[in-house]
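Everything on this sheet refers to the single structure shown next.
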Amino acid sequence: MVGLSILMFVTSVILAMVVFRQNPDQGVVSNRRAKWFLGGGLILMGAYGVFWLIFGIGEMLSGDLSGVIHFIPVLMIVILMLLAIMRPLEAGIVLVGLGIFASIFTNVLIGGIPFLVFGLLFLAGAAVAHLGR
């Protein structure tokens, strides 16, 4: 899990550098079909964050204070979600990359596949928005 947290942190920094160098992408926000993809990606990312949050709270309620470490991925997921709202295309590319690296270096089911799905949904939303212009 530490490896996944490090990968998410690096991804957040890369995406933040891209997002803050450019203005937010208004094309996805104004396209109705693209909003469905973006919303689906955000809902799934939020559910993934809740998954980690439940782990942390469960461990802390059982008396193991090391459950606090599960809040780091939750924080990274929230940051990635906020950045993905501003630049879905770039977020999709970065999240697919994160999914590939997480599949190689961490657990594929918990680390890789979710980020691949999130990234593909953001890429699909950005593609629909930009092709529909």
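Numbers for residues simply follow the sequence, beginning at 1.
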- [ ] Search all heavy atoms of Ala84 against all heavy atoms of Leu15 and return the closest pair with its distance.
- [x] N-CD2, 4.5 Å
- [ ] Rounded to the nearest 0.5 Å, what's the gap from CG on Leu83 to CZ on Phe20? Could you check?
- [x] 5.5 Å
- [ ] Check the hydrophobic clustering (I, L, V, M, F, W, Y; side-chain heavy atoms under 4.5 Å; chains of links allowed) and say if Val18 and Met76 are grouped together.
- [x] no
Open item on the list: Please find the pair of heavy atoms, one from Ala34 and one from Gly125, that lie closest to each other, and give the distance.
Closed with: CB-O, 3.2 Å
Task: Other cluster members, Val50 - Ile/Leu/Val/Met/Phe/Trp/Tyr, side-chain contacts below 4.5 Å - done: Ile54
Open item on the list: So Leu53 and His70, do their side chains get closer than 4.5 Å, heavy atoms only?
Closed with: no
Open item on the list: Can you confirm if the aromatic rings of Phe51 and Phe55 lie within a centre distance of less than 6.0 Å?
Closed with: yes
- [ ] Taking all heavy atoms of Ala126 and all of Pro88, pick out the closest pair and write down the distance.
- [x] CB-C, 4.4 Å
Task: Contact check, side chains of Val19 and Glu90, non-hydrogen atoms, under 4.5 Å - done: no
Task: Check: Phe122 and Arg87 side chains under 4.5 Å, non-hydrogen atoms - done: no
Task: Heavy-atom closest pair, residues Ser103 and Leu116 - done: OG-CD1, 4.4 Å
Open item on the list: Is the shortest side-chain heavy-atom distance between Met81 and Ile77 below 4.5 Å?
Closed with: yes
- [ ] Walk me through it: do Phe118 and Tyr48 pass the test ring pair (Phe, Tyr, Trp, His ring centres under 6.0 Å)?
- [x] CA-CA 10 Å; Phe118 309 149; Tyr48 186 67; 5.7 Å; yes
Task: Side-chain donor-acceptor pair present, Ser62, Asp64, cut-off under 3.5 Å - done: no
Task: Check: Ile57 and Phe71 side chains under 4.5 Å, non-hydrogen atoms - done: yes
TODO: For residues Leu121 and Leu38, determine if any side-chain heavy atom of one lies less than 4.5 Å from a side-chain heavy atom of the other.
DONE: no
